[in-house]
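One structure is given here, and the rest of the page talks about it.
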Amino acid sequence: MTELDEYFMRYAISLAQNGIDDGKGGPFGCVIVKNGEIVGEGCNQVTSTNDPTAHAEIVAIRNACQKLNSFQLDDCTIYTSCEPCPMCLGAIYWARPAKMFYACSRTDAANVGFDDDFIYEEINRPIEERKIETINFLRDEGLTVFNNWADKTNRIEY
């Protein structure tokens, strides 16, 4: 780690503290950096916005993508105050940054009431054994749209 990495991680941690001090949500903060410049940041805003997807990493990714006018975070580094939950980890992989640093572990988060283990367990269960009933139907109609996408010559790949 460099002094600059420490600076950005401390900034992410300060966003987490500011978020709880301002009543925005849980104790999570995230900064996205490209070429030494912050291009996106966010703190958890789940309870203040009534949006279960408003985790710090998601807020920061949206912010950075808007600023960069791109749906990918090429050559970016993510600094987050906690190991990302499954939703945020998925979003991070879709955004394709070069690197990610985190401060607290998911075990640390569980110790203060943010336990994501049940989601990791659910992902590994067969669909028919998951806690939320999930039903597959109208697949043929759905496949028509997928096939239309596959046939589209001017689509933007991602």
Side-chain angles (χ1 to χ4, degrees), residues 1-125 127 130-132 134 142 145-146 149 152 154-158:
M1 279 17 88
T2 67
E3 286 184 27
L4 206 52
D5 291 324
E6 289 180 18
Y7 170 81
F8 291 127
M9 182 59 78
R10 285 191 176 106
Y11 188 75
I13 293 168
S14 75
L15 288 173
Q17 184 64 54
N18 292 342
I20 61 172
D21 291 346
D22 294 343
K24 290 184 179 178
F28 305 97
C30 182
V31 177
I32 300 174
V33 175
K34 183 170 186 170
N35 299 324
E37 177 188 344
I38 294 174
V39 295
E41 64 182 61
C43 67
N44 183 287
Q45 298 176 25
V46 169
T47 56
S48 63
T49 62
N50 294 318
D51 179 355
T53 69
H55 291 200
E57 296 89 343
I58 302 295
V59 172
I61 288 169
R62 290 174 180 161
N63 185 263
C65 287
Q66 184 176 19
K67 182 172 183 174
L68 296 172
N69 196 33
S70 175
F71 57 85
Q72 293 187 333
L73 298 175
D74 297 327
D75 302 317
C76 290
T77 302
I78 294 179
Y79 298 86
T80 184
S81 65
C82 187
E83 180 180 355
C85 75
M87 175 185 69
C88 292
L89 187 60
I92 289 165
Y93 271 87
W94 279 115
R96 295 176 175 87
K99 190 184 291 188
M100 176 182 63
F101 293 95
Y102 67 93
C104 296
S105 70
R106 70 190 218 200
T107 302
D108 297 328
N111 288 339
V112 295
F114 296 93
D115 191 353
D116 301 331
D117 279 342
F118 78 97
I119 299 172
Y120 288 100
E121 291 170 6
E122 284 289 296
I123 289 169
N124 289 322
R125 292 182 196 276
I127 290 173
R130 292 184 183 164
K131 291 186 176 160
I132 295 176
T134 305
V145 178
F146 275 3
W149 170 258
K152 185 177 168 94
N154 64 340
R155 68 180 181 255
I156 297 173
E157 299 286 343
Y158 60 97

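Note that the structure is a prediction, hence the values are computed from the model and not measured.
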Legend entry - Pairwise distance CG(Asn124) to CD1(Ile119) - rounded to 0.5 angstrom: 12.5 Å
Inset, instruction - Write down the atom of Cys43, the atom of Gly19, and the distance for their closest heavy-atom approach. - result: SG-CA, 3.9 Å
Legend entry - N/O donor-acceptor pair under 3.5 Å between Asp5 side chain and Thr2 backbone: yes
Inset, instruction - Locate the shortest heavy-atom distance separating Phe114 from Gly26; write the atom from each residue and the value. - result: CZ-CA, 4.2 Å
Legend entry - Neighbour count above 12 (heavy atom, 6.0 Å) for Tyr93 OH: no
Inset, instruction - First locate atom CZ of Phe118, then atom NZ of Lys131, and finally report the distance between them rounded to the nearest 0.5 Å. - result: 8.5 Å
Legend entry - Over 12 foreign heavy atoms within 6.0 Å of CD, Gln66: no
Inset, instruction - Begin with the C-alpha distance, continue with both residues' side-chain angles, and end with the deciding distance and a verdict on side-chain contact (heavy atoms from CB on, under 4.5 Å) for Lys24 and Val59. - result: CA-CA 12 Å; Lys24 290 184 179 178; Val59 172; over 6 Å; no
Legend entry - Spacing of OH belonging to Tyr102 relative to CD belonging to Glu83, to within rounding of 0.5 Å: 4.5 Å
Inset, instruction - Specify the closest pair of heavy atoms between Trp149 and Arg155, including all atoms of both residues, with the distance to one decimal. - result: O-NH1, 3.0 Å
Legend entry - Check: Tyr120 and Arg106 side chains under 4.5 Å, non-hydrogen atoms: yes
Inset, instruction - Measure across Pro86 and Ile123 and return the closest heavy-atom pair with its distance rounded to 0.1 Å. - result: CB-CD1, 4.1 Å
Inset, instruction - Work out which heavy atom in Thr49 is nearest to a heavy atom in Ala54; give both atom names and the distance. - result: OG1-CB, 3.7 Å
Inset, instruction - Taking the side chain as every heavy atom from C-beta outward, state whether Leu73 and Cys65 have any pair of such atoms under 4.5 Å apart. - result: yes
Inset, instruction - Identify the heavy atoms of Gly42 and Ala56 that sit nearest to each other, and give their distance. - result: O-CB, 3.7 Å
Inset, instruction - Could you check Ser48 against Asp22 for side-chain contact (heavy atoms from CB on, under 4.5 Å), going step by step and ending with a plain yes or no? - result: CA-CA 10 Å; Ser48 63; Asp22 294 343; over 6 Å; no
Inset, instruction - Could you tell me whether a side-chain N or O of Asp108 sits under 3.5 Å from a main-chain N or O of Ser105, the two making a donor and an acceptor? - result: yes
Inset, instruction - Go through the steps to decide whether Glu57 and Met100 satisfy the test side-chain contact (heavy atoms from CB on, under 4.5 Å), and finish with yes or no. - result: CA-CA 11 Å; Glu57 296 89 343; Met100 176 182 63; over 6 Å; no
Inset, instruction - Tell me whether the centres of the aromatic rings in Phe8 and Phe101 are closer together than 6.0 Å. - result: no
Inset, instruction - Would you check if Glu122 and Arg125 make a side-chain contact, meaning some heavy-atom pair closer than 4.5 Å? - result: yes
Inset, instruction - Determine, for Asp74 against Lys34, whether the closest basic-nitrogen to carboxylate-oxygen distance falls under 4.0 angstrom. - result: no
Legend entry - Reported CG-to-CD distance for the pair Asn50 and Gln45, which is rounded to 0.5 angstrom: 12.0 Å
Legend entry - Residue pair Cys30 / Ile78, side-chain heavy-atom distance below 4.5 Å: yes
Inset, instruction - Count the heavy atoms of every other residue, nucleotide or ligand shown that sit under 6.0 Å from CD1 of Ile127, and state whether that count exceeds 12. - result: no
Inset, instruction - Spell out, as yes or no, whether a donor-acceptor pair under 3.5 Å connects the side chain of Ser81 to the backbone of Gly29. - result: yes
Legend entry - Side-chain touch Ile92/Pro97, heavy atoms, less than 4.5 angstrom: yes
Legend entry - Spatial distance of atom CD1 (Ile38) from atom CG (Leu15) [nearest 0.5 Å]: 7.5 Å
Inset, instruction - Check whether any side-chain heavy atom of Cys88 sits under 4.5 Å from a side-chain heavy atom of Thr80, and report yes or no. - result: no
Legend entry - Distance, nearest 0.5 Å, that separates CD1 of Ile58 from SG of Cys85: 7.0 Å
Legend entry - Any Ile61 side-chain heavy atom under 4.5 Å of Trp94 side chain: no
